[in-house]
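Here the structure is a predicted model, which means the values were calculated and not measured. A note on names: the letters A, B, ... follow the listed sequences, proteins ahead of strands, and every chain is numbered from 1. Atom set for the values below is all heavy atoms of this structure, side chains included, hydrogens, waters and symmetry mates excluded.
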4 protein chains.
Amino acid sequence: MGCKVVIFGVFLLRLTKGLTKMRESNPGKFLLFLLFLNVVSTIVIASAPPTCPADLGSDCGGDSGEWEGEFFPGIPKIKYEGPSSKNPLSFKWYNAEEEILGKKMKDWMRFSVAFWHTFRGTGADPFGAPTKSWPWEDGTNSLAMAKRRLRANFEFLEKLGVERWCFHDRDIAPEGKTIQETNANLDEVVALAKELQGDKIHLLWGTAQLFLHPRYMHGAATSPELGVYAYAAAQVKKAIEVTHYLGGENYVFWGGREGYQSLLNTDMERELDHMARFMEAAVAYKKKIGFNGTLLIEPKPQEPTKHQYDWDAATSANFLRKYGLIGEFKLNIECNHATLAGHSCHHDLETARINGLLGNIDANSGDPQTGWDTDQFLMDVAEATLVMQTVIKNGGLAPGGFNFDAKLRRESTDVEDLFIAHIAGMDTLARGLRNAAKLIEDGSLSELVRKRYQSFDTELGAAIEAGKADFEMLEKKAIEWGEPKVPSGKQELAEMILQSAL
Amino acid sequence: MGCKVVIFGVFLLRLTKGLTKMRESNPGKFLLFLLFLNVVSTIVIASAPPTCPADLGSDCGGDSGEWEGEFFPGIPKIKYEGPSSKNPLSFKWYNAEEEILGKKMKDWMRFSVAFWHTFRGTGADPFGAPTKSWPWEDGTNSLAMAKRRLRANFEFLEKLGVERWCFHDRDIAPEGKTIQETNANLDEVVALAKELQGDKIHLLWGTAQLFLHPRYMHGAATSPELGVYAYAAAQVKKAIEVTHYLGGENYVFWGGREGYQSLLNTDMERELDHMARFMEAAVAYKKKIGFNGTLLIEPKPQEPTKHQYDWDAATSANFLRKYGLIGEFKLNIECNHATLAGHSCHHDLETARINGLLGNIDANSGDPQTGWDTDQFLMDVAEATLVMQTVIKNGGLAPGGFNFDAKLRRESTDVEDLFIAHIAGMDTLARGLRNAAKLIEDGSLSELVRKRYQSFDTELGAAIEAGKADFEMLEKKAIEWGEPKVPSGKQELAEMILQSAL
Amino acid sequence: MGCKVVIFGVFLLRLTKGLTKMRESNPGKFLLFLLFLNVVSTIVIASAPPTCPADLGSDCGGDSGEWEGEFFPGIPKIKYEGPSSKNPLSFKWYNAEEEILGKKMKDWMRFSVAFWHTFRGTGADPFGAPTKSWPWEDGTNSLAMAKRRLRANFEFLEKLGVERWCFHDRDIAPEGKTIQETNANLDEVVALAKELQGDKIHLLWGTAQLFLHPRYMHGAATSPELGVYAYAAAQVKKAIEVTHYLGGENYVFWGGREGYQSLLNTDMERELDHMARFMEAAVAYKKKIGFNGTLLIEPKPQEPTKHQYDWDAATSANFLRKYGLIGEFKLNIECNHATLAGHSCHHDLETARINGLLGNIDANSGDPQTGWDTDQFLMDVAEATLVMQTVIKNGGLAPGGFNFDAKLRRESTDVEDLFIAHIAGMDTLARGLRNAAKLIEDGSLSELVRKRYQSFDTELGAAIEAGKADFEMLEKKAIEWGEPKVPSGKQELAEMILQSAL
Amino acid sequence: MGCKVVIFGVFLLRLTKGLTKMRESNPGKFLLFLLFLNVVSTIVIASAPPTCPADLGSDCGGDSGEWEGEFFPGIPKIKYEGPSSKNPLSFKWYNAEEEILGKKMKDWMRFSVAFWHTFRGTGADPFGAPTKSWPWEDGTNSLAMAKRRLRANFEFLEKLGVERWCFHDRDIAPEGKTIQETNANLDEVVALAKELQGDKIHLLWGTAQLFLHPRYMHGAATSPELGVYAYAAAQVKKAIEVTHYLGGENYVFWGGREGYQSLLNTDMERELDHMARFMEAAVAYKKKIGFNGTLLIEPKPQEPTKHQYDWDAATSANFLRKYGLIGEFKLNIECNHATLAGHSCHHDLETARINGLLGNIDANSGDPQTGWDTDQFLMDVAEATLVMQTVIKNGGLAPGGFNFDAKLRRESTDVEDLFIAHIAGMDTLARGLRNAAKLIEDGSLSELVRKRYQSFDTELGAAIEAGKADFEMLEKKAIEWGEPKVPSGKQELAEMILQSAL
């Protein structure tokens, strides 16, 4: 039998041994049987291009074998050409080696490409089929294709001048029939990744995809099904292992299904308890294997669930505190998630920072008039400036960084669009860094803030801040002083200063 | 070498030679090849289960051949058992033959099942793979499967006691390689539908699916590509024809892609002009073939686009008026679309009604805290009561009706859930009708409203309403009368009256 | 000098002694001087009817003196008449002494009238002047008027059959020129309140109004001005004292101004630290004076600030945990605040409950299409049922209760509207209680939930819940079990069961 | 006798006898009495500082008499100093006389100061009292104060270098006891305004304030009370007259109360008919008196009502078309209103433009996370660039302009803040104009758009656009052509180009 290729954006199938007989006597029927058998484990909406069975090896064609030459032959190594350049394939603001505030731009930014959006994004949406057709895709989800795709990723990183990447376990290697087979697939791909990383490329973080497969439809750590909880534990265990193997600097938990669709059929308390137990076990396992990367929780308010337990930075912090996990985790703040929760991105970054939890940033943006996650590349210079202000206050993000958890619009179907989008996103944040530095050098904004609080830089202020001023003492002072004067907040001046720095 | 197919983005295929030979020598291989061949017609994100090639007939297995016995063997014909019944598979409020306000309940409601949600909904969402695996599905998108699915639909209607259905062209029959082949597939399925409809079942409306296929990614009638415009015209032409053939009472336009993702790359004025030309051509064609069904536009504010041109009832009415189409169309108001546009469902129904445009209702509901289309079954008795109040004021909906454009939650995976959801949705609207009738009989709410406006039921009021009161006359009166008295609006009393009727 | 009355919805003025001379020589000028002098302390937007100077005593006219006879002469004592009653001034569902689930309805509900909305609400909105003109108001903010208003409140409670009330310090007694004078005013009114309370009426909670006066424009405990912090401490100290004096069962903090308008001019970290110090001092003072009432924080996401620090239940819980205050406070959840934060009311109640923090409920509702706090009376029976479900799970709310933090619509200007609104609100919650009891008796909803989680009611489930199942053990099980089965979530069935109970 | 006044809801007053006597014997008392008399005209929630009676003249103190010297003594005439200036009181981008795209900047912008926000804004919000205390305010709403305030306005315009202003009738002159008295007050102030305008200052538009007074609580043209309708007609008649007298270039209708709070007590159809009759009468009266200014409707979706009839540009256009008013009105688009309606500002401007209705822009901005009208000064350079792009496409706005319908934050209480805010707002739009010109000169963005639609610049495209391509012709073409090619939408490239121009 020749090409056992199958089934594109909707399903892949795998052969099992016991079926050989049926296979021989009635190939068509056999195939259909397999379709049913494997269908749920293989459907990859919104992320899976056409796939070839994972275990069929080179039979799936020379196509999924070696790819000759470059993946991006028309794209040069992207260089810094300065703000006056009209070349879309150049940086106008990001100059990796340039020092800003005593640190190289690349060390402030620590950019990372998100493998899933860039190499597994298909352009599908709830009302539309995939639209991307990258030349290196052979229409399979084979191991061979997985490796080829990985090579494309590393060429992309090299041309873009980005030194970090992030992945979900299931987007770099195909799921097998069993956990063992799945893990074997993953190991094979990860071995290649280690080789391709070499000395230059680093893994910013890895994570386990616990939301796509139907088994996780009610949650993973918060599924009411014990078997799903155990399955998720096995998956996360392996994902931490391979992250460790690849020298991952962090490991992320995004609980896309850890929430509910309706409180009517949900025991929220029990689910949250389970999630805490799961996190405790992850901490224990991480320590056991000597993985020193930071564990990160990525808040999101909703979508796909009506309500996700890691709603925002404050909600996640409450969870960590309630269950005694506060020292073991940091947060990965995503701008689009913050705005879906009703906050500005800047707010949730600051909330994470002042709770000592700012670990990483998923650099993207939403549409202000849209009630779902659009994961657009951040192009807003003002917002980027505020984001960088927080990063500077935080002393940088290391061992975290900026991961481009952003995707091309569905209608952007040229290979060069992948570059253009990343370049514009990098430039916007770089411009934000330059502006934030300008604001610091200018000093008038921070001086405005300092002055607003200077009445607390006094003896009584210090007593209050030290918890030594009781109500009776304060009442006495209030009576003594009479009506307090309250100066202007100068918000428009602050906005003018910011605008001038853009 | 084996399969040379390259499926980019799941849809492009390159044909290779020697098909006949391959078919003969290796049926399994050939089957796989065909799978690729039909790939576009089978990618039905959010609606398509695994599929078998359309043209393989019985080769695709006994599975897609005849289905023996009932599709819903455990489900009885649903009967009215009254409000005290605890049987989930019974109506508590909907009693089809019972008369309310001089008309049978079934004639007020004119319920319809939406084929796409109920028979092609897969449970996929932007972060998750399909979850449904109905026993009658064989994993193909074959013509045989299409017919079997249609039989399931008619059995479903019969058991549910619903006499109408609605469809999108592409969800009842697979897309072929060419327009001609696609139309032939459609004709074959439609012939069966006509037979299955018989005298008892009616087609509430048909429509063309102009949003799933990548060719429509920039729009159909508003695509910047002329070829896409022409393709869409061909598709709508055929869809109107088959709707006419099936005795369709209406034909619907939902422009899921008729809008924009960004104004930066969009010529909105030109796109709207194109949309108007397209609608004019549809009107002309409808008349030419003698189709007397109502043409309906279905407003939706956004999703999948950032901005859809048929934003809400008022926006759609403006479009119709601007282009002189106001007498040729009515509106199909969907509750979840109304709330996404910032209106209550009741508001958009009333807006349609008083513009003379209320033609049909897509009976569903959104989640008040969720910024995307959840298409839930309407379970809110108060809202259902208000909806029915408008329907009564409108003198009913005929030739329109209530189409259940609503889907099971992704996590509802039992066959009986299909029945439970529809029963609860029907019961909620039926309860709404009973309550609205109670309100009318009680009379106190309408009396409250009448009294509020009674100062206009006077000579001067009549002059004003006839456009005969100019500002000078009114000023004279205002000076004569002095400060007007303004009575209480009695909103809480109105709410109490409503609540009492629930 | 005769009528020293002044100035209605915008300002009140008070005479000071040192100005006697100017007063004699030029009364007009003197008056204007005072207008300026006192203007900020006296503007009572959205809550202040016309006022008479507080210190002018009976000179302000017989009007503000004794009020003879009833305040609500046309309104009878409201009685339970059952669901079939058409009398707006009767209860259809609330039957105070009737037992439901082993407790009297009144003990489940513990209803309270909010003095500020009901007796100080003026109907003003950001675009409109006051609209209410209650007959007992004399257009002053005098002490005499304050007392008269208090009597109206107690008559209202008595006729409505409600045994609890709540107040803000500044709405029951006029602010004076100094803290001492203000406190004296408050003492005088509070003494009368104690008398009027007698044995029958209880104070559910008191609170300090820290948002109306311009001194609090940048916050109270989070103001950048030390003097404002001290002033707020003095005010809260006194408010706790009078709450204690009146036997208050709780004391509430609503931080309407504790937040920011712009992060650009804000040091969020320092402000949150100050807020924590303030709360610590409140706890210490409460204990010092022997006040045993519960301290409650009332979350609200925004409005009047762009971002309020007590955003929602989870955010408030994080604050309490971070600063070691978790045992000292509970939460007062307001439904309209929950929905503004993007949650259902039910969600935030459950979040409070499972964090051990559900202390009180502000019973109101927002408009689902409106982005600001509308504080409407809750009329939604389904929502009321879910609210009561949580209350029952919580074992009731005592020492908290249901406070009607709800206001008449601006256009509802009849005295009877005050009764109608409260009756409808009480009836809706009472109906919710009856429905919740029905659901419990029926048992099918809780059984549905129990079954969903039963896989955890096993040995391994217990091990997981006890934190004794590590990833290696779980992986072993997952491999052993293979692909887990995941049953339907039955959400539509759950919704059907709920709807049937309404 | 004491004060027999009873002020209900702050507005009703009962006259007592013996006024003359009282005035002589006790000027202070008389003054207070008058305060009551004028109470309605002085309640300016969100805009009214404490006021002195309108007709007391100098009795109200030297304070409300002549104001000596400058109103803004510390503020110089604002000059253009270029982008590198750090002086907050200078323009960095707005250079009035500089030519951009063949027109002076001031002629593109046609800036206008909104009298109500800048001179009657008090800083009050739904939870807070006024915070502003401008030195020129004497705490009264007297005619003398009205004139003094007007002088301040004209000095402000002169120092700011703005040549246009806008007003609501009630914010420039106090309401009297009767329509006649009110009109006389208005005439007196308007006469001074004409004098102060001279040749240099123009009235961009006038309008009638039909939302603050309780009489308009149910609407003005859409009030269910005939007397209110007539009263509103009288008020608008006069407002058009004085606008005409002052050479107003436009006249605006903002129907803040023309909508509903609840559909339960509303006859929306009848209200909309009344509104149309009212607009027709306004058109007739305008023509009768020879006023040639443009009539403008200002859309807003909600607030203060739950639903306002002029929801957005499209809804307003539908209203105008339905009632045959389309040639008589244009629209005044406000950015913050557009975003509250779920659109980008750019979208509603474009919608107005392509409906031939773009007449004026209210230049402000909302907070993207806030669900109410914040009326902030627009500081977003990207949005300003898009706004100016539309203005350029529209060939400018004349006879309309940019009105700063924007207010200081409540906490901005320095006089200089008034200047800073306007300067920053003007600079942001000026920067937008410069950027839009840069984009046009660069040409790559418009070229990108042109190319997207070029397939329609063909014979068949022309036939389609001319309405000459029927479905049969199009189907034939579609079959002939086969699957159409659909190129990338290049959204990220378009965003990159825009970002580069900022």
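- Judged purely by atom type and a 3.5 angstrom limit, A:T178 has no side-chain atom pairing as donor or acceptor with the backbone of C:I479.
- Note that CG of A:D470 is 9.5 Å distant from NZ of C:K237, once rounded to the nearest 0.5 Å.
- Contact annotation: the side chain of C:N355 approaches that of A:N318 to within less than 4.5 Å [non-hydrogen atoms, C-beta and beyond].
- Using a 4.5 Å cut-off between heavy atoms, C:M268 touches chain A through backbone and side chain atoms alike.
- With a 4.5 angstrom heavy-atom cutoff, C:T458 touches chain A only via side-chain atoms.
- Of the listed residues (C:R353, C:Q180, C:H346, C:H307), the one with the most heavy-atom contacts under 4.5 Å to chain A is C:H307.
- With rounding to the nearest 0.5 Å, the separation of CD in C:Q491 from NZ in A:K306 is 9.5 Å.
- Heavy-atom pairs under 4.5 Å with chain C peak, among A:A466, A:P487, A:A313, A:S446, at A:P487.
- Looking only at heavy-atom pairs under 4.5 Å with chain C, the residue among A:Q261, A:R277, A:H218, A:H347 that has the most is A:H347.
- Between C:P224 and A:S455, the closest heavy-atom pair is O-OG, 3.0 Å.
- For C:Y216, no part lies under 4.5 angstrom from a heavy atom of chain A.
- One finds no salt bridge joining A:D267 and C:K393 here, because no Lys/Arg side-chain nitrogen approaches an Asp/Glu carboxylate oxygen to under 4.0 Å.
- To the nearest 0.5 Å, atom CD of residue A:Q389 and atom CG of residue C:L264 are 7.0 Å apart.
- With 3.5 Å as the limit, one finds a donor-acceptor pair spanning the side chains of C:E271 and A:Y453.
- Proximity to chain A is limited to the backbone of C:A469, based on heavy atoms less than 4.5 angstrom apart.
- Using a 4.5 Å heavy-atom threshold, the side chains of A:E225 and C:K485 count as separate.
- One distance of note links NZ of C:K322 with CZ of A:R321; it measures 6.0 Å at 0.5 Å rounding.
- The parts of A:I464 that come within reach of chain C are both its backbone and its side chain, each placing non-hydrogen atoms under 4.5 angstrom from that chain.
- Counting only heavy atoms from C-beta outward, the side chains of C:L226 and A:W481 approach each other to under 4.5 Å.
- When heavy atoms are compared at a cutoff of 4.5 Å, C:S488 approaches chain A solely by way of its backbone atoms N, CA, C and O.
- Closest non-hydrogen pair, A:A234 versus C:A478, comes out as CB-CB, 4.0 Å.
- Using a 4.5 Å cut-off between heavy atoms, C:D457 touches chain A through backbone and side chain atoms alike.
- Counting heavy-atom pairs under 4.5 Å between each of C:A232, C:P301, C:A317 and chain A puts C:A317 at the top.
- Contact of C:A282 with chain A is made through backbone and side chain together, with heavy-atom distances under 4.5 Å.
- If you tally non-hydrogen atom pairs under 4.5 Å between each of C:F278, C:Y229, C:F319 and chain A, the highest count goes to C:Y229.
- In this structure, the portion of C:R270 lying under 4.5 Å from any heavy atom of chain A is its side chain and not its backbone.
- Ion pair A:E475/C:K238 not flagged as a salt bridge, since none of the NZ, NE, NH1 or NH2 atoms sits closer than 4.0 Å to an Asp/Glu carboxylate oxygen.
- Counting heavy-atom neighbours within 6.0 Å of C:E480 CD, excluding the residue itself, gives a total above 12.
- The side-chain heavy atoms of A:W311 and C:H343, taken from C-beta on, include a pair separated by under 4.5 Å.
- In terms of non-hydrogen atom pairs under 4.5 Å with chain A, the most contact-rich of C:E472, C:K477, C:E350 is C:E472.
- Of the listed residues (C:M473, C:E280, C:H274), the one with the most heavy-atom contacts under 4.5 Å to chain A is C:H274.
- Residue with the most contacts toward chain A among C:L263, C:V486, C:N265, C:L445: C:N265 (heavy-atom pairs, distance under 4.5 Å).
- When each of A:Q302, A:E269, A:M217, A:K468 is scored by its heavy-atom pairs under 4.5 Å with chain C, the top score falls to A:E269.
- Both the backbone and the side chain of C:T266 come within less than 4.5 Å of a heavy atom of chain A.
- The contact between C:L386 and chain A is made entirely by side chain atoms (from C-beta outward), counting heavy-atom distances below 4.5 Å.
- Residue contact with chain A, scored on non-hydrogen atoms closer than 4.5 Å, involves the side chain of C:L272 exclusively.
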